[in-house]
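Working notes for the structure below.
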There are 2 protein chains.
Amino acid sequence: MSSSALPYRPHNHEVCVAQALAEARSICQQHNARLTPTRERVLELIWQSHKPLGAYDVLAVLAEDGHNAAPPTVYRALDFLQQHGLVHRIASLNAFIGCTHAGERHNGMFLICHTCGNVLELTAPGVSNAVTLAAAEQSFQPDDVTIEVAGYCPRCVPEPAHDR
Amino acid sequence: MSSSALPYRPHNHEVCVAQALAEARSICQQHNARLTPTRERVLELIWQSHKPLGAYDVLAVLAEDGHNAAPPTVYRALDFLQQHGLVHRIASLNAFIGCTHAGERHNGMFLICHTCGNVLELTAPGVSNAVTLAAAEQSFQPDDVTIEVAGYCPRCVPEPAHDR
DNA sequence: TTGCTAATGTTATAATGTTGCAAATTCCGC
DNA sequence: GCGGAATTTGCAACATTATAACATTAGCAA
Ligand SMILES: [Zn+2]
Ligand SMILES: [Zn+2]
Ligand SMILES: [Zn+2]
Ligand SMILES: [Zn+2]
C-alpha cells in the first residue's frame, strides 16, 4: 500500500476498487454492520474514479442499473458508508469520495484539482497538530475538522507563461 | 482591534457591526466598488451576530423590511461581499459570516461551536504553513483553502461527568 | 411460527442555489 | 446637462441537494 498520489497518475484503477470493496467488507464485519447489496453498489459507484460523485449522480447510475431508487436510498447508503469511515463528504463540492485510509484513524485533508477534478486524500500530521494547537489556544475543543484545498494538481498546474 | 475571541464572551455587539460597516465602506472605496444599499443591508444582516446566517435567512429579513427581494438579490450581494473579502461562506453549514479580518490578507480558519453556533475566525499561520507544506509535498498548487473546525467553544465545553 | 429490529421503498417536500432576460440606475465623456 | 455604455437590480422560472414521514420488507432469534 505505497500508493500515495495515485489519482494524478495513470494506474490500474480496478485494483483501487477491488481493494476498497475488500476493505469495506472486512471493516463492516468487524463492526457487525451489514454491507447490503445497495450499500456495496453505492460504494462501488463512489469508487468509480478519484473524482467525487454527487448523490444524484449515484442515483442516476442506480437507475440505469434498473434499480428503482429514490434519493433517500442513496443518502441512507452514503450515511452508512460515512459512519463506518468508508467514504467522505466533500463539503465544498456537495459530493462524496471513497476514503483511502479506511480502517486507520486519520484526519483527512483533501487536495481538489480545479481542472481534472481528481481528489487526493492525505493524512497530514503537521496540519492536524497545527489545527489542534490553534484550537487549544482558543480553549476550543475540536470534534470534526474539515480541510479542503482546491487548486491545481501536478498534472494540471498552469504553465508559467514565460515570454518568448 | 484587540478583540480576538470576542464571539464567545458577552460584548457590545453594536460596536462589531459599526466597525464592520465602516471598514466595508472604506474597503469598497479603495476598490472602487459600490457598496449599494442592498449590499450594505445584507452585510449588516450577516453581522447581526457571530452566528453564520443562511442566504434564505437574509432573504426573510429583507422581506420583513418590505424589500421585495428574490434569491438572486441575496446571492448577488453575498457574491459581491465575498469578492471584496467582507464575508466568508462556511461550506459545512451553507451559511455566511462576516469577516473579522477584512482588508488584511489572511487565510481564515473557522471554529464553529456545535452548541451555541458561534463562529470564531482565526488567522493561524502555523496551520496555513502546514497546509502549504503538505500540498507542496504532493506538488499541488493551492488556490483556495477551506478550514472549518466544528466542536465546542470554551463556554460550551461539556462538563467532564465526574462521578459523585 | 411469532415477534422484534434493521433496512428499504415511496411520496412528498424542504432547503439551497442558478439562469436568463428585461428594466432601472449609475457612471463618464462630451 | 445629455446620451450611450456599463453596472446593478427585479423578476420568473428552474436546477440541485437533502430530508421528513410513513408504509413495507427482509433478517434474525426465541
Ligand atoms: Zn485508482
Ligand atoms: Zn479518509
Ligand atoms: Zn460581536
Ligand atoms: Zn476573513
Side-chain angles (χ1 to χ4, degrees), chain A residues 24-25 27-46 51-63 65-84 86-97 117 146 148, chain B residues 24-25 28-46 51-84 86-97 117 146 148:
Chain A
R25 282 186 276 263
I27 287 173
C28 286
Q29 202 155 39
Q30 286 168 42
H31 292 196
N32 268 316
R34 294 171 48 204
L35 189 60
T36 62
T38 302
R39 290 167 174 175
E40 184 166 342
R41 179 66 176 136
V42 169
L43 181 58
E44 188 185 2
L45 291 177
I46 289 293
K51 304 184 212 293
L53 211 56
Y56 279 76
D57 298 328
V58 173
L59 189 58
V61 183
L62 286 183
D65 280 6
H67 187 311
N68 189 2
T73 301
V74 173
Y75 281 102
R76 287 194 282 229
L78 289 171
D79 282 351
F80 173 89
L81 296 170
Q82 278 183 93
Q83 221 115 68
H84 294 280
L86 300 171
V87 310
H88 294 289
R89 190 182 125 95
I90 308 290
S92 57
L93 299 176
N94 294 336
F96 300 82
I97 192 154
T146 300
E148 298 172 13
Chain B
R25 281 186 277 262
C28 286
Q29 201 156 38
Q30 286 168 43
H31 292 198
N32 266 317
R34 294 168 48 204
L35 189 61
T36 63
T38 303
R39 291 167 174 173
E40 184 166 340
R41 177 69 176 137
V42 169
L43 180 59
E44 187 185 1
L45 290 176
I46 290 294
K51 306 183 210 292
L53 210 56
Y56 279 75
D57 297 329
V58 174
L59 189 57
V61 182
L62 286 183
E64 286 175 21
D65 279 7
H67 186 311
N68 189 1
T73 300
V74 173
Y75 281 102
R76 286 194 283 230
L78 289 170
D79 284 350
F80 172 89
L81 296 170
Q82 278 182 93
Q83 222 115 64
H84 294 281
L86 300 171
V87 311
H88 294 289
R89 192 184 124 95
I90 308 290
S92 58
L93 299 177
N94 295 336
F96 301 81
I97 191 155
T146 300
E148 298 172 11

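Values below: every heavy atom of this structure, side chains too, minus hydrogens, waters and symmetry copies. Just so we're on the same page: letters track the sequence lines, and every chain starts at 1.
Minimum interatomic distance between A:Leu86 and A:Cys28 (heavy atoms only, all atoms of both residues): CD1-SG, 4.2 Å. A pairwise comparison of heavy atoms in B:Ala91 and B:Glu148 identifies N-OE2, 2.8 Å as the closest pair. Shortest non-hydrogen contact noted between A:Arg41 and A:Val61 is NH2-CG1, 4.1 Å.
Within the 4.0 Å cut-off from OP1 or OP2 of D:dT8, not a single side-chain nitrogen or oxygen of B:Thr38 is found. For D:dT17, the OP1/OP2 oxygens have no side-chain nitrogen or oxygen of B:Asn94 closer than 4.0 Å.
In this pair, A:Tyr56 does not lay its aromatic ring on the base of D:dT16; centres under 5.5 Å and planes under 30 degrees do not both hold.
Classification of the B:Tyr75-B:Tyr56 ring pair by plane angle, with boundaries at 30° and 60°, yields perpendicular.
For B:Asn32 and C:dC28, the CG to P distance is 8 Å, given to the nearest whole Å. Straight-line distance from the CG atom of A:Leu53 to the P atom of D:dT17: 10 Å, rounded to whole Å. Per the geometry, CZ belonging to A:Arg41 stands 18 Å off C1' belonging to C:dT8, to the nearest Å. Rounded to an integer number of Å, the gap from A:Asn68 CG to C:dA7 C1' is 16 Å. Going from atom CZ of A:Phe96 over to atom P of D:dT16 covers 16 Å, rounded to whole Å. When rounded to the nearest whole Å, the span between CD of B:Gln83 and P of D:dT8 equals 10 Å. As rounded to whole Å, 15 Å separates atom C1' of D:dT7 from atom CG of B:Leu35.
Side chains of B:Arg89 and B:Asn94 form a contact here, defined as non-hydrogen atoms less than 4.5 Å apart. Looking only at side-chain heavy atoms (C-beta outward), A:Leu45 and A:Leu62 come within less than 4.5 Å of each other.
Considering only side-chain atoms of A:His67, the nucleotide from D:dA18, C:dG9, D:dT19 that sits closest is C:dG9. Checking D:dA20, D:dC11, D:dA18 against the side-chain heavy atoms of B:Ala70 singles out D:dC11 as nearest. Residue B:Ala55 has its side chain nearest to C:dG17 when only C:dG17, D:dC11, C:dT10 are considered. For B:Arg34, whose side chain is taken as the heavy atoms from C-beta onward, the closest listed nucleotide among C:dT11, D:dT8, D:dA18 is D:dT8. Comparing C:dG17, C:dA7, D:dA18 by their nearest atom to the side chain of A:Thr36 picks out C:dA7.
Comparing B:Arg39 and B:Pro72 by the nucleotide of DNA chain D that holds the closest heavy atom to each, the one mapping nearer the 5' end is B:Arg39. Across the interface with DNA chain C, nearest-nucleotide mapping of B:Ala95 and A:Ala69 shows A:Ala69 to be the residue nearer the 5′ end.
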Carefully, step by step, assess B:Arg34 and B:Phe80 under the rule side chain to side chain contact (heavy atoms under 4.5 Å, CB included).
CA-CA 10 Å; B:Arg34 294 168 48 204; B:Phe80 172 89; 5.8 Å; no

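Within residues 73-80 of chain A, the residues approaching DNA chain C are A:Thr73, A:Arg76, by heavy-atom distance under 4.0 Å.
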